[in-house]
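Computed over heavy atoms, backbone and side chain alike; hydrogens, waters and symmetry mates excluded. Start at 1 and go down the list; that is how both ligands and their atoms are numbered.
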Amino acid sequence: MKQQSIDTICVQGGWQPGNGEPRQVPIIQSTTFKYENTDEMARLFDLEKEGYFYTRLQNPTSDAVAAKIAALEGGVAAMLTSSGQAANFYAVFNICEAGSHIISSNEIYGGTYNLFGVTLPKLGIECTFVSPDATDEEILAAVRPNTRAFFGETISNPGCRVLDIERFARLAHSVGVPLIVDNTFATPVNCRPLEWGADIITHSTTKYMDGHATQVGGVIVDGGIFDWEANADKYPGLTRPDASYHGLTYTKTFGKCAYAVKLTAQLMRDLGSTPSPQNSFLLNLGLETLHLRMPRHCENALAVARFLQADERVAWVSFPGLEDNRDHALAVRYLPNGSCGVLCFGLKGDRDTAVRFMDSLKLISIATHVADARSCVLHPASHTHRQLSEEQLRDAGIAPDLIRLSVGIEGIDDILTDLRQALDAIG
Ligand SMILES: *Cc1c(COP(=O)(O)O)cnc(C)c1O
């Protein structure tokens, strides 16, 4: 069968009902599943048979939604998590252990920056942050014998930098490690990083995929392409027998899905950041219209970016869709249909000016959220990134005056009217 379009997968991917079954994916709100005999259950526990026995490991509702996202990204399998933070932690921890090292773009979400820079080191996993503008030589100079992965965000939150996915993938592969890409802001509607050489994709599904601010969630997609066996010494967890599964070896038993199966069978079993079936259902509702919402987010954001850029009270605007943006060439390449609805800008004046502007907005709400159908705004230096020092802020590419505006899918005239009156209010 011909490969279905992203639009069709958004609407119909994942749940495939049989005759007389519910058209919409059912919410299987059950912790457990019943079996007729002990042997059948034992074989499930030994991963010899596929099936459900406890929702911490797998649940039919969540699996149907994961299958839709795997298809959207063009991967072989996916696993939902209870948050985007959990997704990025699992994605790294599935191939790292105490003594491992990763290399990450420094243009990433504040929560991930903390996870890599502060929390992972407590587990003995170190991270070197590199600028996406660093040369190949500079990035390769950060590689160590114990480096196990490269990491970056397709479009960074909040800086809106665009990752040169192909270059990062080439560098990662040249030293025998995979590239993990957080594709939250672009979504597979605007970019499919696996097609550019990335190996593993993560998302905070809390954002555009959900799109309506109803559930916090995450997902990891296994591209099924990285050759773990060829780098077996680096990835003993995948290529050597797992003592917690009677000596089963993931790459031998599960082939292309080795990474994905280990995520579920080992990490989810032991760490348990499972989404609720109800939340997976809500995520699926969001996904059904992702292909319709993304173009509108992009169109509105471009109009807002142009409006702000033309206003003399605005000091700067960062949006990859603008022709004079430093990442515009990368955006044209990786995001030809549009980037996302998020943009950043700074106002002329001081910190107070930013606060007065934000407090004057009426339609656009102040919210610790982005990528929602409703327009919202945030000041990272005083909200999401307030744990970071001035120096770390600068390292993470966040100017103290940076206002992050997530443009929703309301009528563009109403959004612009609100921005105009708030600009007038700062005098
Ligand atoms: C929000 C976000 C996360 C964290 O996701 P949660 O669902 O809030 O845990 C990770 N990466 C990016 C790019 C994000 O925007």
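The closest side-chain donor-acceptor pair between T128 and H101 falls under 3.5 angstrom. Under the 3.5 Å distance criterion, with hydrogens and angles disregarded, no donor-acceptor pair is assigned to the side chains of N284 and W15. Checked by atom type, the side-chain pair E21/Q16 shows no donor-acceptor distance below 3.5 Å.
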Give one line per pair: atom of ligand 1, protein atom, distance. Only N/O to N/O under 3.5 Å.
unit_1   : atom_1 : unit_2 : atom_2 : d
ligand 1 : 5 (O)  : S204   : OG     : 3.0
ligand 1 : 7 (O)  : G84    : N      : 2.9
ligand 1 : 7 (O)  : S204   : OG     : 2.8
ligand 1 : 7 (O)  : T206   : OG1    : 2.6
ligand 1 : 9 (O)  : G84    : N      : 3.0
ligand 1 : 9 (O)  : Q85    : N      : 2.9
ligand 1 : 11 (N) : D182   : OD2    : 2.7
ligand 1 : 15 (O) : N157   : ND2    : 2.9
ligand 1 : 15 (O) : K207   : NZ     : 2.6

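Relative ring orientation between Y334 and W196 is described as perpendicular, the plane-to-plane angle rising above 60° on a 0-90° scale split at 30° and 60°.
Both cation-pi conditions hold for R269 and Y245: the charged atom is under 6.0 angstrom from the six-membered ring centre and inside a 45 degree cone around its axis. Figure legend: cation-pi geometry between K207 and Y109, with NZ or CZ positioned under 6.0 Å from the six-membered ring centre and within 45° of its axis.
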